[in-house]
Structures are given as C-alpha cells and as structure tokens.
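The sequence lines fix the lettering, A, B, ..., with proteins before strands; numbering per chain opens at 1. Note that the structure is a prediction, hence the values are computed from the model and not measured.
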Amino acid sequence: GEDVEQSLFLSVREGDSSVINCTYTDSSSTYLYWYKQEPGAGLQLLTYIFSNMDMKQDQRLTVLLNKKDKHLSLRIADTQTGDSAIYFCAVFLSGGYQKVTFGIGTKLQVIP
Amino acid sequence: DVKVTQSSRYLVKRTGEKVFLECVQDMDHENMFWYRQDPGLGLRLIYFSYDVKMKEKGDIPEGYSVSREKKERFSLILESASTNQTSMYLCASSFNEQFFGPGTRLTVL
C-alpha cells in the first residue's frame with residue numbers, strides 16, 4: 001500500500017519561512033493534500049495540488065511537487081505564532097473508494 | 001459552509017462498556033471515514049463507508065464496528081471498550097478532499 005513519510009518536528013522563528021517535507025511511495029497518486037491540526041481540534045484542509053502540477057501558491061503557502069522523487073513540500077512564508085500546529089501530508093490514489101493515506105504529521109513550533 | 005459534527009468532544013467510559021460515537025455531515029457526501037489518532041502513530045483508518053449500509057474495513061478494524069443507516073450519519077461502535085481504545089477519534093466525509101469533524105477524545109478507564 002501507499003506509504004507517506006514526514007519528519008516529526010520543525011522549529012522556526014517568527015517571521016522566517018517554514019518548509020515541511022513529505023515523501024510518498026505510489027507514483028499513481030492523483031491528489032496530494034496538506035492539512036493543519038491545531039491543539040484539540042480536527043484536521044483542516046489547507047491546500048492541495050493535483051499530480052499534474054509542479055507548484056501551487058496560495059497567499060503565504062507554496063506547495064511544491066517533485067513527481068520524479070515523489071516529494072511534496074509545504075512552504076509557509078513569514079511564519080506566525082498562529083501557524084504553530086501539526087501539519088499532515090495526505091495522498092489520494094485514483095480508483096478505490098476515496099481512501100487517503102496520511103503521514104504521521106509534522107509538529108511546527110514557532111518561536112516568538 | 002461545510003460541516004462535519006461529532007456527538008461529543010470528550011467522553012469517559014469504563015472497560016467493557018458499549019460505546020457509540022456519532023458523526024453527521026451536511027454536505028451530501030457518499031464517503032465517510034473513522035480514524036483514530038495517537039501520538040507518534042498519526043491517523044489510522046478504522047472503517048469507511050462509501051454508501052448507505054455499505055462499509056469497508058480500514059487498517060485497524062479490530063474491536064470496532066460501524067453503522068451507516070442514513071447518508072448523513074456514520075456511527076462508530078466499540079462493542080466492549082478496552083483501555084487500549086483510549087484515543088482521539090476523528091470522523092471525515094469526502095467527495096474529493098476529506099473534511100474532518102472536531103474529534104472526540106475518548107478515555108476508557
């Protein structure tokens with residue numbers, strides 16, 4: 001089955017850029033997502049990218065996809081303390097019943 | 001605005017009790033999911049449903065069952081709760097991307 005890997009922890013200073021990385025194994029992945037989870041809350045969809053795209057930008061968020069290396073990244077520009085959360089990479093395969101495989105989540109700590 | 005609601009935010013039950021976790025979505029989605037989230041393990045899929053009265057086992061279905069009698073409602077059932085089922089339970093529904101409820105933190109004593 002699909003395997004999605006992320007590092008567990010990232011610490012950045014307020015105002016710096018954060019880059020959260022994710023690798024996956026199945027090259028037939030069609031949609032790739034980034035979710036954010038704040039303490040005590042459910043997951044909130046931040047952004048997504050189709051597998052036929054290399055980059056997507058949405059305000060402070062930039063998603064980069066390297067299909068050859070099966071590598072996905074999320075860059076947050078001008079990181080704020082409100083960005084402190086757990087970020088999940090998730091991959092959707094075509095076919096099947098809309099099953100999505102999630103990474104373990106990267107905890108982003110923003111230092112004031 | 002899309003909405004997935006879960007019946008309780010916090011729940012405390014005793015070992016051996018039967019536990020019902022309810023999830024309701026208002027987006028007319030056919031697909032619904034139950035996950036549990038544990039530190040260091042991320043999200044693990046318990047069961048999912050792609051239609052009323054249809055269900056499929058996820059990665060960790062043991063000790064759980066589900067019910068989908070109506071399209072908008074997907075229930076997770078712990079037949080006999082055990083302490084290792086203490087966890088955060090997350091419900092989601094989807095057309096493409098998954099929309100999540102706020103989660104239920106279940107403690108089994």
Inset, instruction - Check the hydrophobic clustering (I, L, V, M, F, W, Y; side-chain heavy atoms under 4.5 Å; chains of links allowed) and say if A:Leu32 and B:Phe100 are grouped together. - result: yes

Legend entry - Pair A:Ser84-A:Gln109, side-chain donor/acceptor within less than 3.5 Å: no

Inset, instruction - Taking B:Ser93 for its side chain and B:Asn31 for its backbone only, find out whether a donor-acceptor pair lies under 3.5 Å. - result: no

Legend entry - Option passing side-chain hydrogen bond (donor to acceptor under 3.5 Å, both in side chains) with A:Ser18 (candidates A:Asp83, A:Thr79, A:Asp78, A:Thr106): A:Thr79

Inset, instruction - Under 4.5 Å heavy-atom distance to chain A, tell me which part of B:Gln37 shows up: side chain, backbone, both or neither. - result: side chain

Legend entry - A:Phe102 and A:Phe88 aromatic ring geometry - parallel, tilted or perpendicular at 30°/60° bounds: perpendicular

Inset, instruction - Kindly give the heavy-atom pair with the smallest separation between A:Pro112 and A:Thr81, and that separation in Å. - result: CG-CG2, 4.2 Å

Inset, instruction - Sort by residue number and list every member of residues 35-74 of chain A having a non-hydrogen atom under 4.5 Å from chain B. - result: A:Tyr35, A:Gln37, A:Gly40, A:Ala41, A:Gly42, A:Leu43, A:Leu45

Inset, instruction - Name, in order of residue number, those residues of residues 102-109 of chain B that have a heavy atom at a distance of less than 4.5 Å from a heavy atom in chain A; otherwise write 'none'. - result: B:Pro102

Legend entry - Side chain / backbone / both / neither for B:Leu90 at chain A, heavy atoms under 4.5 Å: side chain

Inset, instruction - Compute the centroid of each ring, for B:Phe33 and then for B:Tyr47, and state whether the two points are separated by less than 6.0 Å. - result: no

Inset, instruction - State, without any angle test, whether B:Gln98 and B:Tyr35 hold a side-chain donor-acceptor pair at a distance under 3.5 Å. - result: yes

Inset, instruction - Hey, could you give me the CZ/CG distance between B:Arg44 and B:Asp59, rounded to the nearest 0.5 Å? - result: 9.0 Å

Inset, instruction - Assess the side chains of B:Ser65 and B:Glu79: does a donor N or O sit below 3.5 Å from an acceptor N or O? - result: yes

